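I have placed the structure first, in the form of structure tokens, so that the comments after it can refer back to it.
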Amino acid sequence: MTIPLRIGLAGLGTVGAGVAKILANQADVIGKRAGGSVVVTAVCARSKSKDRGVDLSAFEWFDDPVALATSDAIDVFVELVGGSEGPANDAVTAALKAGKHVVTANKALVALHGATLAPLAEQAGVALNYEAAVAGGIPVIKAIREGLAGNEISRVSGILNGTCNYILTEMEATGRAFDDVLADAQKLGYAEADPSFDVGGIDAAHKLAILASLAFGVTLDFDGLYVEGIEAISAADIDFAKELGYKIRLLGIAARHGAGIEQRVHPVLVPVTSPLAAVTSVVNAVAIEGSAVGSVVLEGPGAGEGPTASAVVGDIIDIARGLVVAPFGILSKDLQPSVTTPIAERVGSYYLRINATDRAGSMAEITKALAEASVSIERIIQSSEPVDAGRLPVVIITHDTQEKAIENALRLLNEHDDVLDQPMMIRVERD
Ligand code: HSE
């Protein structure tokens with residue numbers, strides 16, 4: 001690798017400014033670890049005049065990320081523009097075609113276009129590094145791609161979105177409203193430019209698709225992944241979960257299931273005694289089950305300036321050290337086609353909250369509908385606190401059952417006059 005290693009930084013938002021600060025403030029130690037100096041030579045952002053707390057005067061300024069990506073002034077193109085389409089995709093594609101190494105924090109880009117970008121990197125013999133795209137500051141990509149490369153992996157799961165974990169655990173701890181806590185997460189720089197990507201589970205799904213491809217050696221399958229967000233989770237669900245001995249978290253789960261791989265992102269109830277219940281605020285946690293190693297759990301800050309910039313700088317230092325590996329751990333041509341198991345095949349327990357008429361016999365009708373769908377009840381509670389006049393919540397935890405049976409039960413419940421609203425269903429994960 002040529003030294004000094006010249007960095008072109010596209011995007012000077014929270015993370016871009018953080019990367020520039022680390023490279024400047026830690027220049028000595030980074031230079032020693034990299035085997036020579038690593039310097040930002042050129043930058044590109046929307047506004048030249050905005051104060052980002054970083055001195056940009058020494059850097060060549062580009063208005064066009066594609067021009068920066070292909071410039072002779074850089075060796076590594078760092079893409080922190082965001083978005084799966086448009087400038088980010090154009091610039092990364094151009095950089096790889098021009099034989100530049102690429103470092104990106106863009107999970108949407110990698111999840112949706114990794115199948116096109118990885119072969120370009122492989123053909124050019126350059127790096128396409130994206131540690132910052134998954135779980136912020138946790139080095140989970142390197143853990144799976146390098147440290148655990150000798151294992152057959154059977155499951156990767158965890159808390160992959162800092163904003164959702166922050167919202168759920170703040171609501172749990174303080175009883176504050178969803179929108180209020182989301183506004184905090186935005187101010188703290190955790191949320192995506194479009195926060196519906198966070199609360200809708202899309203951001204976690206981008207990350208899970210990437211982890212599944214790496215862990216199982218399969219092609220990316222974002223479109224086949226099951227996704228559900230946390231928008232419908234109410235304070236009442238958090239309270240009922242607590243009463244039943246659970247906490248609510250947004251999980252991503254990818255696991256071998258028969259001939260395929262289940263890939264799903266949705267809220268879950270986890271037992272209060274589970275390690276995931278102890279993961280609060282913006283922290284992410286990823287559990288990996290490997291054939292030789294057993295279970296490895298990595299935990300750390302999943303979003304924000306410092307953690308994300310830390311991962312970007314780690315990727316840059318790898319390039320300076322000459323470490324260039326196939327982006328998904330094996331050559332793109334050797335990835336197996338992904339066969340994603342439908343969510344209807346999930347077997348497990350379910351939490352149901354049913355707002356029912358406050359009249360004699362309504363509970364009997366609810367349990368009858370569940371019996372008709374062959375869903376067996378493990379626990380049932382009826383709140384004495386009405387949601388409003390004449391409307392009482394009935395909360396049920398089922399025994400393990402097939403998701404198809406729950407879908408059937410929900411259909412029967414919805415048809416019933418005593419069931420006043422769409423019942424709330426949350427999956428329970430006890431492992
Ligand atoms: N919006 C993301 C999160 C940022 O909250 O986890 C890190 O990818």
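Every number for a ligand or one of its atoms is a count from 1 in the order of the listing. Residue numbers count from 1 along this sequence. Values in this document were obtained by computation on a predicted structure and should not be read as measured data.
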Among Val312, Asp318, Asp315, the one residue meeting side chain to side chain contact (heavy atoms under 4.5 Å, CB included) with Glu131: Asp315

What protein heavy atom sits nearest [atom], and how far away is it?
atom                   : result
atom 8 (O) of ligand 1 : Lys107 NZ, 2.6 Å
atom 5 (O) of ligand 1 : Thr163 OG1, 2.6 Å
atom 2 (C) of ligand 1 : Glu192 OE2, 3.1 Å

Between Arg379 and Tyr351, a side-chain donor and acceptor under 3.5 Å: no

Phe77 ring center near His101 ring center (under 6.0 Å): no

Phe216-Phe328 aromatic ring centre distance below 6.0 Å: no

Interfacing atoms of ligand 1 (cut-off 4.0 Å, heavy-atom, Asn161): 2 (C), 3 (C), 5 (O), 6 (O)

Proximal ligand 1 atoms for Asp198, defined as those under 4.0 Å from one of its heavy atoms: 1 (N), 2 (C), 3 (C), 5 (O)

Mode of Asn284 contact toward ligand 1 - side chain, backbone, both, neither (heavy atoms, under 4.0 Å): neither

Tyr190 and Tyr166 aromatic ring geometry - parallel, tilted or perpendicular at 30°/60° bounds: perpendicular

Ligand 1 to Ala191 polar contact by distance, N or O atoms, under 3.5 Å: no

